[in-house]
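So you know, we letter chains A, B, ... as the sequences are listed, proteins then strands, and number each from 1.
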Amino acid sequence: MPDSQLSKQYTWESVEDKWYKHWLESGTFHADAHSDKPPYTIVIPPPNVTGVLTMGHVLNNTIQDILIRKARMEGKNACWIPGTDHASIATEGKVTAKLEKDGISKKDISREEFLKHAWAWKDEYGGIIIRQLKKLGCSCDWERERFTMDEGYSKAVLEAFVKLYERGLIYRGHRLVNWCPASQSAISDEEVNHKEVNGKLWHFRYPVEDSDESVIVATTRPETMLGDTAVAVHPDDKRYKHLHGKSVLLPLTDRKIPIITDEYVDIEFGTGCLKVTPAHDPNDFELGEKHALDFINIMNADATLNDNVPKPYRNLSREEARKIVLEDLDKKGSLEKTEEHLHKVGYSERGNVPIEYYLSDQWFVRMKDLADPAIEVVKSGKIKFHPEHWTKTYDHWMENIKDWCISRQLIWGHRIPVWYCRGGDKDQCQIECKEPVVSIAKPDACSVCGSKDMVQDPDVLDTWASSWLWPFGVHNWPVESDDLKTFYPTDVLVTGPDIIFFWVARMIMAGQEFCGDIPFSDVYFTSILRDEKGQKFSKSLGNSPDPFDLFEKYGTDAVRFGMMLMAPQGLDVLFSETRLEVGRNFMNKLWNAARFVQMNLHETELPSGELDIPSLDLPERWILFRLNQTIEQFNRRLNEFHFNEAAKTLYEFTWSDFCDWYVEIAKTRFQSGDAAKADVARKVAVKVLKDILKMLHPYAPFMTEELWESFKIETESNLITTPWPESTSSQDIQDEIASMDVLKEVISAVRTIRSRMNVPPASKANVLVRSPNGSSEVLKEYESIVKSLAKVEDMTMGDSIEKPDHAATAVIRKMEIFVPLEGLIDLDVERTRLTKRQTELDGFIIQIQKKLSNDNFLLRAPEDVVQKEKEKLADMESELERINSNLEMLS
RNA sequence: GGGCGCUUAGCUCAGUUGGUCAGAGCGCUGCCCUUACAAGGCAGAAGUCACAAGUUCGAGUCUUGUAGCGCCCACCA
């Protein structure tokens, strides 16, 4: 029984924290690995430990919370595993920046010291986003919170490395990698963003040796010419046939480099003559390997030029070097011309500086063998993507997968479990001990020379080489445990399509490789959030609103519900704050509907007991039927991951059917003095309201739980663990729905006339209904409802009613509604109204007649479709007839 | 250069397997503080469903093409 009156407006400040605390303390978020209930598991996409909550997180985590709360109410063993990611390169960047602010350079401190600072940073900021997720209402199993550098998790990461190495899927290679000069580390292809840049194409003249001739090459990166080791032309290019086998003299250096031929060269582009810089360009690298060219690395790790270039250029930044190289070439007359040139430049995602292609020793994962089974499970539908079209993107990437560079020249992360011998006889070791030892623990001694001087590889692993194990790493795989058995595989992954390659694809590969099973069966890709101008929300643009400002302004439930309402499946969402008002207004609407119902309850008791539906009156049967329909549709849409449509279904039912119609009807019941009818209306209203609360709870957990408290009976638990509503197999009561529609249409028609004719709301009108052979049965039975909702004084019905002189008319089905208006009637308005409807009907009737006179339609369309058209035509013709006669009377 | 997606009311978008007069929210117009709610109620105006062809008895919905916009992938110096 409600022990306190609800306030006039929903105020969330006190409610949200109260319930979150209560849920937490009562252990409702915790899942037991030994439960009999079927498990339903989600692992959170672990936010960066340095992160703060963004609107993207709000969207993503609300969806997960909806899924997990629904599963919990459905009686499943719902387990949502939270945690954070160490985010190697991002965190290291932040820590480095902070140290620099404090006057400490990363270069000047030891690895151990840096790690100390990094952990301190993690301890200080690592909890922020977790607290924020709690504020959002996320019902995670916080007892299972994990961090990707936890002891057990780290072990899993290293185990995975060792296993892959033993299977021959990991190798060390001296290769050209994407190099971020800002963080001075290798990065993967996926961490490079290509931006279109207005650059220039410079043409240089390289003199041919022992000749007056010269060749002209074109480049967008003049400074790399210092590392050129060849010039390439197409073997069939007639212009250069006579130069095959000759050499050119590289300006600014004293080097002589060969002219080689390769079909890779595009005859059409530029001069058809290509400068080759094998150590600084991926294509040139391949040419270099193919033609056994020299690889001259001309850069330091920070992208300044090194000692492999002539003195004047050493230690210059690449930008300065470009300038000076161009000046010097120009002075020498080697700069032929300069053209404007639009091209793409790769930028480091984290460092936001142009990347270099840099020759270095790195660790790689051979991806092909891992990719094949992962392609298969998506193709076969064992893993389903929502929306489905992302499978194409996935396929394309997987089919063309390249080896994955997983080593990073960073400190914060999982250190690569590889050991090198540094002892013994130096020369012998160079030859004999080249094979490193791969092992989690430090080996006692070198197996070749016996030296105990073993050093660990200084690099750490790419963050994604840890997070790809997340669905089972959280259970300390490979340790066998009940948790791992119960909660792996998980059910659904909710994430953004931007990390489909980084994370989703790799988790699918890891799951199968290490656990022999897919990590999840459904992947829901969230929308990308944009502002009203269509720009992506981003920190650098500063266009992302602070979720907490919004929570405060609209209430967390309203933000959650509003977000879900505006986030269609698979499309970008244009976020606008005014749309959250819809959510807030809805919360308030429901709050007040509940308040109204509560106000009309008996003092001491909530209605209980089953409703005997067949014995109920039409409006009650109707709203319960609509409720059942709504439950059915709501569940179906949620099961299809159509969160916005489910929300809309519930919104419309609650606002339009329940509040606008049923609650208004219930008012007439309460005021009628008929205690039995009032009692039934109370029961029905409470039943409908409670089912609305159940369905809405996953979207708006706080307010629904608060309202539930007012309506739950003793045997019921808190809403969070109350059984989920299921639709009953709905009996066919279409006729009754139609009757209810007639009732509603008559009420609306009278209201329209009143409004159009400016009848003051306070004054009541009389209504006459001409209804041939008892077509107004429903009206008679529910006369009091019509009177009340349409503000009608007297209602006269019969088949021989005469139209009064000054009356406005409406036609509903076979009924003619007359509203006598004495002097109030405006003939022009009346004529316009009727004429408009007349024109509409004319159009429709012609269309239907056309259809019905089409023999093919009659022949081929299903019987019921034809029948429906015929009925439609008859109805419209009869309505038109009545409209026409009423129009005639006006003239 | 490939791939994917979008184009429905002034704005933002729904529209499930083709067949109940094309829907919602915001905005707009009129009336109303009718004791659940003015964050509200009632009523209203507003759309040749981008364009073209095709399949079909029937297309916003399926096929193809065209145009515009957006995203992803790709080594053209």
Inter-nucleotide [atom1] distance ([N], [M]), Å rounded:
N: B:rC73; M: B:rA46; atom1: C1'; value: 42 Å
N: B:rU56; M: B:rG1; atom1: P; value: 36 Å
N: B:rG27; M: B:rU48; atom1: P; value: 23 Å
N: B:rG10; M: B:rC28; atom1: P; value: 15 Å

Query - Pair A:Glu340 + A:Lys200, salt bridge at N-O below 4.0 Å - result: yes

Query raised in the report: Heavy-atom distance under 4.5 Å between the side chains of A:Leu590 and A:Met703, does that happen here?
Result: yes

Query raised in the report: Listed in order of residue number, which residues of residues 840-855 of chain A have a non-hydrogen atom at under 4.0 Å from RNA chain B?
Result: A:Phe844, A:Asn854

**Report entry** Nucleic acid footprint by protein, nucleotides 37-43 of chain B - heavy-atom cut-off 4.0 Å, B for base, S for sugar-phosphate alone
**Finding:** BSBSSSS

Anything under 3.5 Å between a protein N or O and an N or O of nucleotides 15-17 of chain B, put it in a table, one pair a line.
residue : atom : partner  : partner atom : Å
B:rG15  : OP1  : A:Glu645 : OE2          : 2.5
B:rU16  : O2   : A:Arg636 : NH1          : 3.4

Test side chain to side chain donor-acceptor pair (under 3.5 Å) applied to [X] - qualifying residues, sequence neighbours left out:
X: A:Glu664; result: A:Lys667
X: A:Thr668; result: none
X: A:Arg837; result: A:Glu840, A:Glu879
X: A:Arg756; result: none

Requested in this report: Give RNA chain B the dot-bracket treatment, 5' to 3': Watson-Crick (N1-N3 with N6-O4 or O6-N4) or G-U (N1-O2, O6-N3) under 3.5 Å, [ ] crossing, | other strand.
Outcome: (((((((..((((.....[...)))).(((((.......))))).....(((((..]....))))))))))))....

Qualifying residues under ring-ring contact (aromatic ring centres under 6.0 Å, His included), relative to [X], sequence neighbours excluded:
X: A:Trp202; answer: none
X: A:Tyr347; answer: none
X: A:Phe634; answer: none

Query raised in the report: Is A:Met876 touching bases, backbone alone, or none of the nucleic acid, heavy atoms closer than 4.0 Å?
Result: base

Report task. Could you tell me how the ring of A:Tyr651 sits relative to the ring of A:Trp655: parallel (under 30°), tilted (30 to 60°) or perpendicular (over 60°)? Result -> tilted

For nucleotides 69-73 of chain B, which of its nitrogen or oxygen atoms have a protein nitrogen or oxygen under 3.5 Å away, and what is each distance?
none

